[in-house]
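Order of the sequence lines sets the chain letters (A, B, ...), proteins ahead of strands, with each chain counted from 1. Reckoned from all heavy atoms, side chains included, excluding hydrogens, waters and symmetry mates.
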Number of protein chains: 2
Amino acid sequence: MSETELDLEVKTPRRKTRQNKIVDILATKVACKECSLHQLCLPSSIDGNDLEKLDNIIERKRPLKRNDHLFQVGGQFTSIYVVRSGSLKTYSPTVDGQEQVTGFHLPGELLGLDAIGKGMHPCAAKALETTSVCEVPFENLELLAQELPTLQHQLLRLMSKEIFDDQELMLLLGKKTAEARLSAFLLSISLRFKQRGFSSTEFYLSMSRNDIANYLGLAVETVSRMFTRFQEDGIIDAERKHIVINDREAMQQIAGINECCEDIAAEETQKTL
Amino acid sequence: MSETELDLEVKTPRRKTRQNKIVDILATKVACKECSLHQLCLPSSIDGNDLEKLDNIIERKRPLKRNDHLFQVGGQFTSIYVVRSGSLKTYSPTVDGQEQVTGFHLPGELLGLDAIGKGMHPCAAKALETTSVCEVPFENLELLAQELPTLQHQLLRLMSKEIFDDQELMLLLGKKTAEARLSAFLLSISLRFKQRGFSSTEFYLSMSRNDIANYLGLAVETVSRMFTRFQEDGIIDAERKHIVINDREAMQQIAGINECCEDIAAEETQKTL
DNA sequence: TTATAAACTTGATATTTATCAATTTAATCA
DNA sequence: TGATTAAATTGATAAATATCAAGTTTATAA
């Protein structure tokens, strides 16, 4: 959304100056409008001055290394974040000292929306690999949304999307077998890669089996057995984190999702800013 | 939020006219500021003219009888709703023709936030008893939120709260035993009644055991057995839908919630408009 | 590079909860 | 009101998944 990763590291923070043409050109290079996530990230109706305004409130973050935290549980809420590259998991501590993985976040996806209500982060966010994010200070975003109706609308849409997605996951956790959960999970990841222009049939999972199991409310052993079963049945190839989906239709069958549903989801989905 | 139930039935819709003092007085009687849910419902900083503006966009709905639908799956999204009295359940159809209960909604709580993203309702809402709601046309609300920063903020807070709550439920569904789920459910209902000024130790459940089981991802029989167990242990008294909580601490223990957490939740909670 | 730890897989067993079946109790309607 | 239906409870059994234990592969660091 803001700058590319490389630029992030090389350049020092700077404010754009409208007056200076040269600076403007440089700035443009690394601004939202040049970002590869542009069409994912922005309400399509935003452009020109408005885009620049949005661009101006977005801050750079130094890339996170694997296992670095973007924020911790109980940390003060100041910003929401957009994944630029890499991936993160969010998780909360449970009473018995365990952790509960609440989500995985791929490029173009948002983090921190659950913290607005209480002003503090109810979960922690940890990078699963080298990851860079754009930071969007929430106060500024609110002010800007006050000015730009389409931005306000987009914000509300995104939060609504998140609520909807969570409800789908609740259904998964409440009603589906281990098999169906893992299948739905893989299809979800596949779809999200597809939306970002990557292959939907072949990809790398950045999270461990443990994280997947935790997220799906299963034991690691069960997840492992399901991976094995899918492979035996020839539905997928899985070499550790490298996944190839051979029979998407079979997976949809197992997950209890019909193709139609998923396509609609694909078209409508914009879990992004 | 808008008018009282009785007024709803007796009067025909009318627009308030600023010029006419008499009409204004009549209107005031049934307006937001007179509503018993006022302090639950509104950002405390809204008053005077702003309150009147909000009041103006809210529409009346004829009370729903038990099993009436407020909206259906796939129905066009136009408004969000605030429960005024009574209660509703929301549910989605699943692939295998079953239904999945996604939530229960008590007075002061919102419905429809999950529909903003796609512009259509992903779930249906059905009254569990005689129920009246205030309808808030979303376009108008968006326009008004554009004008009133505190309203925009409140909206975002509410949606964030919903996301947070859903994540708590995901934890429940993914990681907790049947016992813990039912206990947490009863504590949640208890807390919500408390926030509305009703007893937190004695209340009526408007939903069936079937709905509870469905919501918690359990079989009816299991829920029934857990009710029996809680009674045998003296933690609750349950006479059908009439529940008395005898030992809240034991329930928190079982649910895996510590008192501290719940108190914080109680203070902060405003799942309302 | 080797040593050590972490992640993953597989098998055997235990536990939880669903399912099936039957009964009881309450609610609804003619 | 009584008849009929729906909701709730209880018991017996089956199925799914967790847990425990051990071994294997991969990753990490000295």
Side-chain angles (χ1 to χ4, degrees), chain A residues 65-68 89 94 96 98-101 126 128-130 172-186 204-233 236-243 254 256, chain B residues 65-68 89 94 96 98-101 126 128-130 172-186 204-233 236-243 254 256:
Chain A
K65 290 194 294 288
R66 193 163 113 85
N67 292 328
D68 281 353
K89 69 171 175 181
T94 62
D96 47 342
Q98 307 267 8
E99 68 181 44
Q100 155 76 14
V101 175
K126 189 193 261 188
L128 294 168
E129 57 194 311
T130 302
L172 201 71
L173 294 173
K175 301 257 184 307
K176 306 273 184 151
T177 63
E179 200 175 51
R181 293 185 205 189
L182 183 60
S183 184
F185 170 74
L186 291 174
Y204 281 87
L205 295 174
S206 57
M207 66 294 288
S208 69
R209 299 281 193 270
N210 235 307
D211 285 338
I212 295 172
N214 189 309
Y215 178 67
L216 295 176
L218 299 169
V220 208
E221 293 93 331
T222 305
V223 168
S224 186
R225 278 185 251 271
M226 294 303 144
F227 266 111
T228 308
R229 185 187 294 178
F230 288 167
Q231 276 179 287
E232 281 169 0
D233 296 350
I236 67 169
D237 288 333
E239 182 76 22
R240 295 278 149 171
K241 300 191 181 297
H242 180 226
I243 308 291
I254 291 169
Chain B
K65 290 195 295 289
R66 193 164 113 84
N67 291 327
D68 281 352
K89 70 170 174 181
T94 61
D96 47 342
Q98 307 268 8
E99 68 182 43
Q100 154 77 13
V101 175
K126 190 194 260 188
L128 294 168
E129 58 194 310
T130 302
L172 201 71
L173 294 173
K175 301 256 184 306
K176 306 273 184 150
T177 63
E179 200 175 51
R181 293 186 205 188
L182 184 60
S183 184
F185 170 74
L186 291 174
Y204 280 87
L205 294 174
S206 58
M207 66 293 290
S208 68
R209 299 282 194 268
N210 235 307
D211 284 338
I212 296 172
N214 189 310
Y215 178 67
L216 295 177
L218 299 169
V220 209
E221 294 92 331
T222 305
V223 168
S224 187
R225 277 184 252 272
M226 294 304 142
F227 266 111
T228 308
R229 185 187 295 179
F230 288 167
Q231 277 179 286
E232 282 169 359
D233 296 349
I236 67 169
D237 288 333
E239 183 76 22
R240 296 280 148 172
K241 299 189 181 300
H242 180 224
I243 307 292
I254 291 168

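Rounded to whole Å, atom C1' of D:dA8 lies 11 Å from atom CZ of B:F227. Regarding A:D211, its CG atom lies at a distance of 11 Å from the C1' atom of C:dA7, rounded to whole Å. A straight line from CD of B:Q231 to C1' of D:dT10 spans 14 Å, rounded to a whole angstrom. Remark: P of D:dT17 and NZ of B:K175 are 15 Å apart, rounded to the nearest angstrom. When the P atom of D:dA18 is taken as reference, atom CG of A:L182 falls 12 Å away, rounded to whole Å. In this structure, CD of A:Q98 is placed 13 Å from C1' of D:dA18, rounded to the nearest angstrom. For B:L205 and D:dA8, the CG to P distance is 10 Å, given to the nearest whole Å. Taking atom CG on B:L173 and atom C1' on D:dT17, their separation rounds to 16 Å, with Å as the unit.
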Heavy-atom protein contacts under 4.0 Å, nucleotides 22-30 of chain D, coded B base, S sugar-phosphate only, - none: ----S-S--
Sequence-aligned protein contact record of nucleotides 10-23 of chain C, with B where the base is within under 4.0 Å of a protein heavy atom and S where only the sugar-phosphate is: BBB----SSBB---
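Residue pairs meeting the salt bridge (Lys or Arg N to Asp or Glu O under 4.0 Å) criterion with at least one member in residues 204-216 of chain A, sequence neighbours excluded: A:K89-A:D211. Sorted by first and then second residue, the side chain to side chain donor-acceptor pair (under 3.5 Å) pairs involving residues 214-233 of chain B (not counting sequence neighbours) are A:K175-B:N214, B:E179-B:R229.
Judged as a side-chain hydrogen bond (donor to acceptor under 3.5 Å, both in side chains), and not counting sequence neighbours, A:Q98 has no contacts.
With axes fitted over five pairs at each extremity, the angle between the ends of the helix from C:dT1-D:dA30 to C:dA30-D:dT1 is 50° (10° resolution).
How far CG of B:L186 is from CD1 of B:I254: 10.0 Å, rounded to the nearest 0.5 Å. For the atom pair B:M226 CE and B:I212 CD1, the distance stands at 13.5 Å (nearest 0.5 Å). To the nearest 0.5 angstrom, A:L128 atom CG is 8.0 Å from A:R66 atom CZ. In this structure, the separation between CG on A:D237 and CD1 on A:I243 is 9.0 Å, given to the nearest 0.5 Å. In this structure, NZ in A:K126 is found 5.0 Å from CG in A:N67, a value given to the nearest 0.5 Å. Expressed to the nearest 0.5 Å, how far CZ of B:F227 lies from CD of B:E239 amounts to 12.5 Å.
Using a 4.0 Å cut-off, some side-chain N or O of A:K241 falls inside it from OP1 or OP2 of C:dC8.
When the shell of 6.0 Å around NZ of B:K65 is examined, it contains 12 or fewer heavy atoms from other residues, nucleotides or ligands.
Nearest heavy atom pair, residue A:L172 against residue A:A184, reads CD1-CB, 3.5 Å.
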